[in-house]
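Scroll down for the structure; my scribbles are underneath it.
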Amino acid sequence: MTKKEIIDEIRDQMDMTQKEAERVLVSTLEVIKEQLEQGREVMISGFGIWSVRIKKPRRGRNPQTGEVLMIAGRKVITFKSSQILKKTVQVE
């Protein structure tokens, strides 16, 4: 599903104009993004939790040459779905 398709669904379900639905989606995504940038978790009850995790530097290997190298630490975004969402999509 694309951003435009989500906007269309919001428009249809909420009886809004295209512009209003787009503003709702963009604003929601912006709030989530800002909170993650600040290192805060974002929890939507019944859906899941986004959080930022710091991966430690680790040893890796160049698959072409076999050379051992260090992979730098970095931040990654993780998502853990709620039990309700898992049941809805029947993920075991």
Side-chain angles (χ1 to χ4, degrees):
M1 179 172 245
T2 65
K3 182 177 172 183
K4 182 182 179 332
E5 291 170 334
I6 294 171
I7 290 168
D8 290 342
E9 283 292 321
I10 293 170
R11 182 197 67 215
D12 294 343
Q13 290 182 20
M14 302 298 293
D15 194 30
M16 311 177 144
T17 67
Q18 185 83 12
K19 288 251 186 231
E20 290 171 331
E22 183 176 3
R23 235 184 349 250
V24 167
L25 179 61
V26 169
S27 294
T28 302
L29 295 175
E30 191 63 33
V31 168
I32 292 170
K33 184 176 80 170
E34 287 171 1
Q35 295 305 305
L36 291 171
E37 283 176 342
Q38 295 173 17
R40 299 180 66 189
E41 283 188 347
V42 177
M43 181 182 80
I44 299 178
S45 185
F47 190 75
I49 300 173
W50 286 273
S51 60
V52 176
R53 190 172 67 99
I54 299 174
K55 289 183 107 176
K56 295 179 183 178
R58 60 190 169 92
R59 209 171 11 177
R61 186 178 61 82
N62 181 331
Q64 292 180 339
T65 65
E67 175 188 2
V68 175
L69 50 100
M70 285 301 291
I71 299 171
R74 61 192 175 111
K75 291 181 180 180
V76 294
I77 297 172
T78 61
F79 177 76
K80 183 173 185 210
S81 58
S82 73
Q83 292 300 317
I84 294 169
L85 181 60
K86 286 180 183 179
K87 283 182 181 180
T88 301
V89 296
Q90 298 176 4
V91 175
E92 300 285 325

Distance, nearest 0.5 Å, that separates CD1 of I10 from CD of Q18: 10.0 Å
F79 reachable from I32 in the ILVMFWY side-chain graph, under 4.5 Å edges: yes
Qualifying side chain to side chain donor-acceptor pair (under 3.5 Å) pairs with a residue from residues 66-75, counting only residues at least two apart or across chains: none
Residue pair E9, M1: steps toward the side-chain contact (heavy atoms from CB on, under 4.5 Å) verdict: CA-CA 10 Å; E9 283 292 321; M1 179 172 245; 3.8 Å; yes
Straight-line distance of E30 CD to E37 CD, nearest 0.5 Å: 7.5 Å
Atom pair CG/CD1 of L29 and I6 - distance to nearest 0.5 Å: 7.5 Å
Which atom of R11 lies closest to which atom of M16, heavy atoms considered: CG-O, 2.8 Å
From CA spacing to verdict: side-chain contact (heavy atoms from CB on, under 4.5 Å), R53, K55: CA-CA 6 Å; R53 190 172 67 99; K55 289 183 107 176; 3.8 Å; yes
E20 side chain near V24 side chain, heavy-atom distance below 4.5 Å: no
Co-membership, hydrophobic cluster, residues I44 and I84, 4.5 Å side-chain: no
D15, CG: over 12 other non-hydrogen atoms inside 6.0 angstrom: no
Residue pair Q38 / V52, side-chain heavy-atom distance below 4.5 Å: no
E22/K19 salt bridge by N-O under 4.0 Å criterion: no
Distance, nearest 0.5 Å, that separates CZ of R58 from CG of L69: 10.0 Å
Nearest-0.5 Å distance that lies between atom OG1 in T88 and atom CD in Q83: 11.0 Å
From CD (E5) to CD1 (I7), nearest 0.5 Å: 10.5 Å
hydrophobic_cluster_shared for V42 and L85, side chain cutoff 4.5 Å: yes
Step-by-step side-chain contact (heavy atoms from CB on, under 4.5 Å) determination, K33 to L36: CA-CA 5 Å; K33 184 176 80 170; L36 291 171; 5.9 Å; no
Joint cluster assignment, L25 & V31, ILVMFWY side-chain distance < 4.5 Å: no
